[in-house]
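Start at 1 with the first residue, then count along the sequence.
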Amino acid sequence: MSNRIDKAIARAQAEGRVAFIGLVPIDPDSMERTRAVADMMIASGVDIVMVHIPNWMPWMEGGVLQLAARAPRNAGVTREQIFAFIKQLRAAYPEVPLIDMTLYDTAATMGQGRFLQLSAEADVDGFDLPNYPLIRTGDRFGLYQYCLEHDRRLILAISYELATAPEGTPEYEMLCEMARRARGFAFVMNAPGGQSGSSVKLTRRELADAVSRVKAVMAQEGNDRCTVSIVCGISSREDVEKVKRSGAASFMIGSAYVKYLQEGRPLEEVSQYLKGIRAMCAYGEGTGNESD
């Protein structure tokens, strides 16, 4: 079975471009406003939509996304309200891939069964839970197996340090296991430490080397069911060009425009930014899989 995530990335590649993943922040004052933001994003050309479910341990998030988590929590927005919103999105956009983005503490504190039940009712396509202890525990809690059995994608995140780990090290063994298990797409982080909205980014060569290594290890592990996506610090034409030259099939932007929404900028202005990013996604002369 082909998940919507796989289809969206394959469609973008067939159209000669990288796929664009965007993050929907939860408005602290209005779920209707949240829906307007999601509608705007999809109309502006975002291929895959992640919905930010606020958590209490934003250890991988920069200041913008920490605020995006804290504000709705403090305003009393419930997780049930957010899942109801995701369910509405699915009804409105039956072909758009939807991904829950949060930390595993959200599933744990709700009860993993309840988290998965609400996700199933909303017909989400995957989960971005960067602190789920898949490799260290051997999927002790069964989330990865659930995804395999229900055609969902558990998005794995690979740091630059892990992507370039020397053979024979414990880190390399972890990379091999992640490369074997990954489905849909695996994130390669464009920033040391993997913090969203980072101003410290990998060089073009470093990113290309990391992507090349991850793809090579996936091939070595016999995994042809996963692509590579870039996350952290993507905001400009230079960043998108670097993504295309790296050989990645997709990338995610969140903080760059979530900040605009937090500043109260009009949706039309944010839409123009997203449309501009989408226009940069097409491969052109001098892009593609180069690594200079």
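Side-chain atoms of K201 come within 3.5 Å of backbone N or O of G233 as a donor-acceptor pair. Counting only distance, with no hydrogens or angles, the side chain of N190 and the backbone of C232 share a donor-acceptor pair below 3.5 Å. Side chain of T137 to backbone of P133: a donor-acceptor contact under 3.5 angstrom is found. In this structure, S246 contributes its side chain and A208 its backbone to no donor-acceptor pair below 3.5 Å. Panel note: side chain R153, backbone C147; no donor-acceptor pair is recorded below 3.5 Å. Without hydrogens or angle criteria, Q13 side chain to A10 main chain gives no donor-acceptor distance under 3.5 Å. At distances below 3.5 Å, not a single donor-acceptor pair connects side-chain atoms of Y144 with backbone N or O atoms of I135.
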Verdict with supporting geometry, S236 and E238, side-chain hydrogen bond (donor to acceptor under 3.5 Å, both in side chains): CA-CA 5 Å; S236 66; E238 178 182 4; 4.8 Å; no
Derivation of the ring-ring contact (aromatic ring centres under 6.0 Å, His included) call for F127 and F115: CA-CA 11 Å; F127 308 98; F115 175 80; 5.6 Å; yes
Evaluation steps, side chain to side chain contact (heavy atoms under 4.5 Å, CB included), between L162 and M189: CA-CA 10 Å; L162 196 63; M189 300 178 185; over 6 Å; no
Working for side-chain hydrogen bond (donor to acceptor under 3.5 Å, both in side chains), residues Y146 and Q112: CA-CA 11 Å; Y146 171 91; Q112 182 173 294; over 6 Å; no
Side chain to side chain contact (heavy atoms under 4.5 Å, CB included) assessment of M101 paired with L23: CA-CA 8 Å; M101 177 187 166; L23 177 66; 3.3 Å; yes
Criterion side-chain hydrogen bond (donor to acceptor under 3.5 Å, both in side chains) on D100 and S119, from CA distance to verdict: CA-CA 8 Å; D100 293 344; S119 296; 2.6 Å; yes
Derivation and outcome, side chain to side chain contact (heavy atoms under 4.5 Å, CB included), residues V188 and Y160: CA-CA 7 Å; V188 168; Y160 174 74; over 6 Å; no
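Remark: R265 is positioned above the aromatic ring of Y260, its terminal NZ or CZ atom under 6.0 angstrom from the ring centre and at most 45 degrees off the axis.
For the atom pair CD of E263 and NZ of K259, the computed distance is 5.5 Å after rounding to the nearest 0.5 Å. Atoms OG and CE, from S159 and M174 in turn, are 9.5 Å apart once rounded to the nearest 0.5 Å. Rounded to the nearest 0.5 Å, atoms CE (M41) and CG (D47) are 11.0 Å apart. Note that CD1 of I230 is 9.5 Å distant from CZ of F187, once rounded to the nearest 0.5 Å. With rounding to the nearest 0.5 angstrom, the CZ atom of R114 is 6.0 Å from the CE atom of M110. To the nearest 0.5 angstrom, I82 atom CD1 is 16.0 Å from K87 atom NZ.
At least one side-chain heavy atom of Y93 sits less than 4.5 Å from a side-chain heavy atom of D39. In this structure the side chain of I26 reaches within 4.5 angstrom of the side chain of P54, judged on heavy atoms. Between E121 and F83 there is no side-chain heavy-atom pair separated by less than 4.5 Å. The closest side-chain heavy-atom distance from P130 to L103 is below 4.5 Å. In this structure, the side chains of L154 and L143 come closer than 4.5 Å at one or more pairs of heavy atoms.
Just one residue in the list L118, L98, I99 forms a side chain to side chain contact (heavy atoms under 4.5 Å, CB included) with I86, and that residue is L98.
Partners of L267 under the side chain to side chain contact (heavy atoms under 4.5 Å, CB included) rule, at least two apart in sequence or in another chain, are R33, A36, V37, M40, L261.
Remark: R181 does not engage D139 in a salt bridge, criterion side-chain N to carboxylate O under 4.0 Å. In summary, R183 and D6 do not engage in a salt bridge, as defined by a charged side-chain N under 4.0 Å from a carboxylate O. A salt bridge is defined here as a Lys NZ or Arg NE, NH1 or NH2 lying under 4.0 Å from an Asp or Glu carboxylate O, and R152 with D125 fails to meet this definition. We find that D209 and R213 are not joined by a salt bridge, their nearest charged nitrogen and carboxylate oxygen being 4.0 Å or further apart. The pair R4-D123 meets the salt-bridge criterion, since a charged nitrogen lies less than 4.0 angstrom from a carboxylate oxygen. With respect to D27 and R35, no salt bridge is recorded, no charged nitrogen being found less than 4.0 Å from a carboxylate O.
Looking at every heavy atom in both residues, I234 comes nearest to A256 through O-CB, 4.0 Å. Contact detail for G22 and V46: the closest heavy-atom pair is N-CG1, 3.4 Å. Here the shortest heavy-atom pairing between F185 and I21 reads CZ-CD1, 3.7 Å. When all heavy atoms of V211 and G247 are compared, the pair lying nearest together is CG1-C, 4.0 Å. Listed here is the closest heavy atom pair of G45 and F20: O-CD2, 4.1 Å. E221 and C176 make their closest contact through CG-O, 3.5 Å (heavy atoms, listed as atom of the first residue, atom of the second, distance).
Note on residues 246-256: no pairs pass salt bridge (Lys or Arg N to Asp or Glu O under 4.0 Å), not counting sequence neighbours. Legend: side-chain hydrogen bond (donor to acceptor under 3.5 Å, both in side chains) pairs involving residues 222-233, not counting sequence neighbours, sorted by first then second residue: S229-S250.
A 6.0 Å sphere centred on CZ of R180 holds more than 12 heavy atoms belonging to other residues, nucleotides or ligands.
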